[in-house]
J.: 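Have a look at the structure that comes next, please.
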Protein chains: 2
Amino acid sequence: MSKVSVKQLLVLDGEKGELVKTSRGNGVRDAKTLAALKSHSEAERRRRERINAHFATLRGLISSNEKMDKATLLAEVISEVKQMKKTAACASEGLHIPMDTDEVKVEECEEDQGSEPKTFSLKASLCSEYRPDLLSDLRRSIDGLPLKLLRAEISTLGGRVKIVFFVAAIEEKPEARDVLMSSVHSALTNILDKVSASAEYAESFFPRKRPSASYFNS
Amino acid sequence: MSKVSVKQLLVLDGEKGELVKTSRGNGVRDAKTLAALKSHSEAERRRRERINAHFATLRGLISSNEKMDKATLLAEVISEVKQMKKTAACASEGLHIPMDTDEVKVEECEEDQGSEPKTFSLKASLCSEYRPDLLSDLRRSIDGLPLKLLRAEISTLGGRVKIVFFVAAIEEKPEARDVLMSSVHSALTNILDKVSASAEYAESFFPRKRPSASYFNS
DNA sequence: CTGAACACGTGAACC
DNA sequence: TGGTTCACGTGTTCA
C-alpha cells in the first residue's frame with residue numbers, strides 16, 4: 001500500500017483556525033503537501049459550485065416560488081418528473097402525440113382469421129426525437145423484414161415524432177411470431193439508438209479546467 | 001456574540017487519524033459540548049442520507065442507464081425537465097390540428113438577415129383529407145422547386161392530416177419572392193385538388209362542417 | 001502522482 | 001438556547 005503514513009503531528013490551532021505543522025523528526029517538506037492540499041480544497045470548492053449551480057437552476061425550473069430546502073427541492077423535482085412522465089405516457093397512448101420519453105413498442109393485433117394463408121398483424125410504434133434520415137432508415141429496416149406494411153401513422157410535436165405502423169406477416173409456424181416480433185423490436189431499437197447517437201448535443205457548459213473565471217451569481 | 005473561543009489545541013494524530021484534545025489551560029469540561037457535537041454530526045449525517053436518497057431516486061428516474069456524476073445527473077435532470085416543459089407547452093397550445101376546411105396557405109417567415117447568400121423563409125401548410133400517396137406527391141412537388149426544406153410537421157386527427165413545412169429559398173431578386181410563393185401555393189393546391197378529386201363523393205355528404213377536434217381544447 | 005468524486009465532521013448562521 | 005441547513009476543508013478511494 002502506498003500509504004504516506006507521515007509520522008508527524010498536525011496541530012490545529014482552535015483559536016485562529018490555522019493549520020500549523022509540528023514537524024516531528026524532519027524539516028520543512030510541507031511546501032508540496034500544502035500546495036496539494038490547497039489545490040484539493042479548491043477543486044472541491046469548484047465541484048460544490050458546479051452542483052449548487054445546478055441546484056439553483058432547478059429552483060428556477062420548479063414551479064414553486066418559495067425557497068426550498070435542498071432535499072425538498074429534489075423531492076419536488078422527483079415528483080414533478082414523475083407526474084410529467086405519467087401525463088406524457090397518457091397523451092402518447094390515447095392520442096398519438098409524441099411525448100418526451102423515447103420508446104419502441106411492438107404488440108400483437110387482432111388475429112386475422114379465415115384468410116389463407118394464415119397471417120397475423122402487429123402494431124409497432126417508435127417515438128423519438130426527429131432526425132433527417134429517420135424515415136428512410138425506418139423504411140429500410142421494414143423492407144428488410146418479411147412484412148407487409150398495412151398502414152402507418154406519423155405525428156410530430158415540437159421536434160419529436162411518433163410513428164405507428166401496422167404490419168402483417170405470414171404465419172409459417174406459431175413459434176415464428178415471437179421471433180418476428182423481437183426482430184421488429186430490435187430493428188426499431190437500433191433506429192432509436194442511432195437517433196440518440198446522432199443527436200448527441202451536449203448542453204454541458206461547465207469548464208473542466210479553468211482558473212475560475214467567476215462562475216455565475218444570480 | 002456567543003463565540004465559544006476555546007483556547008485549546010486540537011491535535012490530529014497523522015498516523016491513526018484520531019482526534020485528541022490537549023486541553024490547554026483548563027480541564028475536561030467537554031462532556032456537554034461533546035454530546036452536542038455528536039448529535040450535530042448525526043443530524044448532518046441524516047441530512048446527507050436524505051439528499052443522497054433523492055439522488056438515487058433521480059438516477060432511477062432518468063432514462064440514462066449509465067451511472068453518472070452527481071453534477072451531471074442534475075444537469076441531465078434539468079435538461080429533461082426543460083424538454084418536458086417545452087413539449088407540454090407545445091402540446092397544450094401550438095398544436096397543428098387538422099381542421100375541417102381544406103386549405104393551403106403560404107406565408108412569409110421572419111427574414112434571415114446577415115447570412116450570405118440572402119435567403120428568405122416560407123411557412124407553407126396544407127390541410128386535407130388523407131390519402132395514401134399524399135406524402136410522396138408532396139415530396140415530389142417540393143423537390144421540383146428550388147427550395148431547401150428546413151422543417152416539416154405532420155399531424156393527423158381522425159383521417160385528416162395537416163402538413164406544415166418551413167422552407168428556405170435563395171433570394172436572387174426581390175421580385176422573385178412572390179413568384180416563388182405563388183408557385184409553392186399552386187403546387188400545394190394541385191395536390192389538394194387531387195385529394196378532393198379522389199374523395200369527391202364524400203364532399204357531398206359533408207359540405208362544410210365537421211365534428212371538430214374538440215378534445216384538444218382542454 | 002494528479003485529478004475527480006464522495007462522505008465525513010465541524011463552524012457559522014438562522015429560526 | 002437546541003434544531004436545522006449550508007459551506008468548507010479534509011481523508012479516502014478510484015482511475
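Heavy-atom basis, side chains included; hydrogens, waters and symmetry copies ignored. Letters A, B, ... mirror the listed sequences (proteins, then strands); counts begin at 1.
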J.: For DNA chain D, what residues of residues 40-53 of chain B have any heavy atom nearer than 4.0 Å?
T.: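 When residues 40-53 of chain B is checked for heavy atoms under 4.0 Å from DNA chain D, the hits, listed by number, are B/His40, B/Glu44, B/Arg47, B/Arg50.
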
J.: Is there a donor-acceptor contact under 3.5 Å from the side chain of B/Thr72 to the main chain of B/Met68?
T.: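 No, the answer is negative, given that no donor and acceptor are paired below the 3.5 Å cut-off.
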
J.: Please report, rounded to the nearest Å, how far the C1' atom of D/dA7 is from the CZ atom of A/Phe55.
T.: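 From A/Phe55 CZ to D/dA7 C1': 13 Å.
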
J.: Round to the nearest Å and state the distance from A/Asp69 atom CG to D/dG3 atom P.
T.: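 For the pair A/Asp69 CG and D/dG3 P, the rounded distance is 17 Å.
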
J.: I need the CG-P distance between B/Leu37 and D/dT1, as an integer number of Å.
T.: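 Distance, rounded to whole Å: 16 Å.
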
J.: Looking at A/Phe55, I'd like to know if the NZ or CZ of A/Lys70 sits under 6.0 Å from its six-membered ring centre while staying within 45 degrees of the ring's axis.
T.: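 Yes, A/Lys70 and A/Phe55 form such a contact.
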
J.: Is the shortest side-chain N/O distance from A/Lys70 to OP1 or OP2 of D/dA7 below 4.0 Å?
T.: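 Yes, such a contact exists.
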
J.: Report the residues that fulfil side-chain contact (heavy atoms from CB on, under 4.5 Å) with B/Ser41, sequence neighbours left out, ordered by chain and then residue number.
T.: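 B/Ser41 satisfies side-chain contact (heavy atoms from CB on, under 4.5 Å) with no other residue.
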
J.: Tell me, which pairs form a salt bridge (Lys or Arg N to Asp or Glu O under 4.0 Å) where one or both residues lie in residues 47-67 of chain B, sequence neighbours left out?
T.: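 Counting only pairs at least two positions apart or across chains, the salt bridge (Lys or Arg N to Asp or Glu O under 4.0 Å) contacts touching residues 47-67 of chain B are B/Glu44-B/Arg47, B/Arg45-B/Glu49.
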
J.: Testing the basics here: between B/Ser125 and B/Leu188, what is the closest heavy-atom pair and its distance to 0.1 Å?
T.: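 Looks like O-CD1, 4.0 Å.
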
J.: In whole Å, what is the span from the CE atom of B/Met68 to the P atom of C/dA4?
T.: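 Spelled out: CE on B/Met68 to P on C/dA4 is 18 Å.
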
J.: Has B/Arg177 got its NZ or CZ under 6.0 Å from the middle of the six-membered ring of B/Phe120, at an angle within 45 degrees of the ring axis?
T.: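 Pair B/Arg177/B/Phe120 counts as cation-pi.
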
